[in-house]
Every structure is written in structure tokens, then in C-alpha cells.
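Below is one structure, written out as C-alpha cells, with a few remarks after it.
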Amino acid sequence: MAYTDNSSSRTPLIPNFLYNTASSSSFSSSTIIANNTLSQPCHESIVKKPVLVAAPKEPSRKIEMFSPAYYGACTFGGVMSCGLTHMAVTPLDLVKCNMQIDPAKYKSISSGFGVLLKEQGARGFFRGWVPTLLGYSAQGACKYGFYEYFKKYYTDLAGPENAAKYKTLIFLAGSASAEVIADVALCPFEAVKVRVQTQPGFARGLSDGLPKFVRAEGASGLYKGLVPLWGRQIPYTMMKFASFETIVEQLYKNVIPTPKDQCSKSTQLGVSFAGGYLAGILCAIVSHPADNLVSFLNNAKGATVGDAVNKLGVMGLCTRGLPIRIVMIGTLTGAQWGIYDSFKVFVGLPTTGGAAPPAPVK
């Protein structure tokens, strides 16, 4: 503290905080001290109070890769990508399910829409949208969140050299592991959705359809389609993720003239959509026989896989409703990857694919 020499009262002229002493440590280094001009001493020296102005805040730090926040962001991105897209294509899904269950009545895509419009009106096109939204939101959360987790887990397990050498196997194993969990979340909603969509008058939606289904077949009946659902969704998801990662890598390597890290975000998201659409076509073909099985079993009480094979035949299982499903799944998968990677970019994360596997934790 500095004092005047000609005053017995030893009035302070310079505030303590201007000295590099312990007393100044209470002031943050990010604080700007303005207007610290001192008045001239008089009978009682007057010191103007400093004006403290907070420094601008630093921009928030990005989400750390493979942290709990990272997996949480991927999980939420999965909710948005799967729930919204499946709900949007409910009319296509509705016609597809009815073509599988009653091909004599629903002979084609165009005639199927005509039958639905005539019998149920325009509102009938979105019958079953609530179990679709909730079921596929739950599935998407598990599918994408656990895929990112298992991909990192298997990469670390394999080690850097093997992870690069067998990366496709890691994509396949990670997606299969995630889908096993995801289908447990989806199965009850899928059972109610199919029943609501293929049996007019059964229920209006989830709120009355779920209790009615449980009363008729018990709670275990909600999971009678789980094994066929695994049979449909696990190959579908393995193809969806492994082919997407491979297609995106090839697009950046052979089609896009600049490396991924030098591409604009819009270009990267365009690659995500294109890779997703192409992967979706492959997914539809691989998983279609099991999709026919799921629709058949959930529509008929007490039906078995043998009943479905006897009624539809092997060729019918592989081809009935396939064209509409290719259109639906291709569009759906492209949109899902577009939405998922858009959300990742929004929260500061890189888009999926086109890069080397993540380095293992040391």
C-alpha cells in the first residue's frame, strides 16, 4: 500500500490490487480494470472505484471423442435419425405390410395405395405411426449408440494393426452386437404396429392396441417375433453399417477429389446420404425374407415359421413386396445417415466413415 508523506492519517493513494501482492490474487487474470485514474489528494484523499469488466467467454470445448458425452450424442442422433424417418415413411410401410399379408388384395404399390384410400381415407395412410415413432426411436438409440461403443471396443481389442487389417469384420461385429440390443427395445412396438396396420378395426393405435394385444396373447406374445426380427434386422444392420463405411471410404478415395478433412461439411453430408442410400438397397435385399416372416407371424395368431414358408414359398419370402421395400429402405437409410451425421456435425463431431479406425486407448 502506498501512502502520502505529508499526512499523519496515511491516506492510501494507490489501491492494493495494482500491486503484485497476495492481496491482488483475488482478482482474475481475465478481468479488465478500467478507469483507475486517481483523484488529486485533498483534505481526505478520494479514490475512484475501479470499473470491472468481465472478459469475453472462451468458446465451449467440443465433445471429447469416445467420452460418455460422445456416446450420449450418438445415442440421441440415433433417436432422431430412426424415429423421424420411419414415421415419415409410414404410408409406404403400411402398403408393404399389407402386400405381404394379403397379396391378392394389395397387388402392387399403386393399387395398394388406392385400396387404402378407398377403404380408410387419407388418414388411414398414417395408421400405426405412434408405435412406429416410439419403437424405432428406441431402436435407433440403441443401434447407433451401441454401434459406436462396440466399434471402439472391438478396435481396441484387436489392436492398431489388426484393426486396420480387419476393419470390415469390426464393422460387422459392432453392428451385430448393437442390433441384438436394439431389437429387444423395438420388438413390442413392432408387434403392435403390424397388428394395427394389417387388421382394420383391431385398434386405432398404440394406446388401445397394446393392452388389447396383451389381453389376447399375454405379455410374452409381444416378443414372439423377436427371433425373426433378429433374423431380419441383424443382417440388415450388418449390411447397413459395414457397406456404408466401405462405400464412404471408396467415395472419398476414388470419387471426391479432396481428402475428407479438407471437404466442406455440406460435401461430407452429401457423401453420407449417397453412401446411406446405396447401403440401403443392399440392406433391403439381404433382410427381405425375414421381413416377410415378421409380418406374417405378427399378423396371424399362433402362426409359425413353417406356416409362413408353406403359404408364401421360398420365392415369395424373397420377392413379395421387395420393390417397394428397396425404395423405402434406400430412401430411409440415406436419410438416416444424413440426419445422424448432421446432428454429429451440429454438436462438433466428425461425420461417420472415410477415416482410419480410432486409435486404441493407451
Side-chain angles (χ1 to χ4, degrees), residues 63-68 70-71 73-75 77-78 81-82 139-184 229-256 258-263 268 271-290 329-330 333-334 336-338 340-341 344 349-362:
I63 295 175
E64 182 181 351
M65 292 292 290
F66 313 117
S67 64
Y70 170 79
Y71 294 118
C74 293
T75 298
S81 67
C82 289
Q139 186 215 35
C142 298
K143 185 197 297 275
Y144 283 89
F146 280 110
Y147 172 69
E148 298 285 358
Y149 171 79
F150 283 119
K151 181 171 71 169
K152 180 68 166 62
Y153 175 77
Y154 292 139
T155 296
D156 292 347
L157 205 61
E161 186 175 340
N162 287 329
K165 187 176 181 181
Y166 301 108
K167 57 187 174 184
T168 301
L169 291 178
I170 289 174
F171 300 150
L172 292 170
S175 57
S177 301
E179 192 60 38
V180 169
I181 300 170
D183 288 344
V184 175
L229 189 62
W230 277 333
R232 180 188 80 183
Q233 289 297 129
I234 291 175
Y236 165 86
T237 301
M238 292 171 71
M239 181 64 73
K240 173 180 179 177
F241 283 87
S243 61
F244 173 81
E245 298 261 16
T246 302
I247 290 169
V248 167
E249 181 181 0
Q250 292 304 314
L251 288 174
Y252 281 116
K253 186 180 295 185
N254 301 312
V255 179
I256 308 299
T258 54
K260 176 183 176 179
D261 57 0
Q262 297 177 23
C263 292
Q268 293 183 33
V271 170
S272 294
F273 178 81
Y277 198 97
L278 294 173
I281 294 173
L282 299 175
C283 293
I285 296 170
V286 167
S287 63
H288 194 66
I329 297 300
T333 308
Q336 284 176 355
W337 279 114
Y340 178 67
D341 276 349
K344 288 177 75 175
L349 294 172
T351 58
T352 309
V361 176
K362 295 182 179 180

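- Around atom OH of Tyr166, no more than 12 heavy atoms belonging to other residues, nucleotides or ligands sit under 6.0 Å away.
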Glu64 and Tyr70: side-chain contact (heavy atoms from CB on, under 4.5 Å), yes or no, with the steps?
CA-CA 6 Å; Glu64 182 181 351; Tyr70 170 79; over 6 Å; no
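- For the pair Phe150 and Ile181, the minimum side-chain heavy-atom distance is below 4.5 Å.
- Checking side-chain atoms of Glu245 against main-chain N and O of Thr168 turns up no donor-acceptor pair under 3.5 Å.
- Between Tyr154 and Ser177, the side chains place a donor N or O and an acceptor N or O closer than 3.5 Å (distance only, hydrogens not considered).
- Separating the CD atom in Gln250 from the OG1 atom in Thr246 is a distance of 7.5 Å, to the nearest 0.5 Å.
- Partner of Tyr144 under the ring-ring contact (aromatic ring centres under 6.0 Å, His included) criterion, chosen from Trp337, Phe244, Tyr71: Trp337.
- Atom CD1 of residue Ile170 and atom CG of residue Leu157 lie 9.0 Å apart, to the nearest 0.5 angstrom.
- Listed for the Gln268 side chain is a donor-acceptor partner under 3.5 Å among the backbone atoms of Cys263.
- Heavy-atom minimum distance, Gly145 versus Thr75: CA-OG1, 3.5 Å.
- Exactly one residue among Cys74, Cys142, Ser175 makes a side chain to side chain contact (heavy atoms under 4.5 Å, CB included) with Tyr147. That residue is Ser175.
- With rounding to the nearest 0.5 Å, the separation of CG in Leu229 from CD in Gln139 is 7.5 Å.
- Residues Gly280 and Ile329 approach most closely at O-CG2, 3.3 Å, considering heavy atoms.
- Within the model, atoms SG of Cys283 and CG of Leu278 stand 11.0 Å from one another, a figure rounded to the nearest 0.5 Å.
- The two residues Gly275 and Leu251 make their nearest non-hydrogen contact at N-CD1, 4.4 Å.
- Considering every non-hydrogen atom in both Ala158 and Ala163, the closest pair reads CB-N, 4.0 Å.
- Other residues, nucleotides and ligands place no more than 12 heavy atoms under 6.0 Å from the OH atom of Tyr149.
- Arg232 contributes atom CZ, which lies 9.5 Å from atom OG1 of Thr237 (distance to the nearest 0.5 angstrom).
- Of all the heavy atoms in Ile63 and Leu349, the pair that sits closest is O-CD2, 3.9 Å.
- Put simply, the side chain of Thr333 never gets that close to the backbone of Gly330: no donor and acceptor are under 3.5 Å apart.
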Dump the intermediate steps for side-chain contact (heavy atoms from CB on, under 4.5 Å) on Val248 and Lys260, then the final yes or no.
CA-CA 10 Å; Val248 167; Lys260 176 183 176 179; 5.9 Å; no
Under the criterion side-chain contact (heavy atoms from CB on, under 4.5 Å), I'd like the reasoning laid out for Lys143 against Gln336: C-alpha separation, chi angles, the key distance, then a yes or no.
CA-CA 12 Å; Lys143 185 197 297 275; Gln336 284 176 355; 5.7 Å; no
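- Annotation for Lys344 and Thr352: closest pair NZ-OG1, 3.1 Å, computed over non-hydrogen atoms.
- Atom-to-atom distance recorded for Lys240:NZ and Gln233:CD is 8.5 Å, nearest 0.5 angstrom.
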Audit row: Met239, Ile285, side-chain contact (heavy atoms from CB on, under 4.5 Å) steps and yes/no
CA-CA 10 Å; Met239 181 64 73; Ile285 296 170; over 6 Å; no
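- The environment of CD in Gln262 is crowded: more than 12 heavy-atom neighbours from other residues, nucleotides or ligands sit within 6.0 Å.
- Taking the centre of each ring, Tyr153 and Phe146 stay at or above the 6.0 Å mark.
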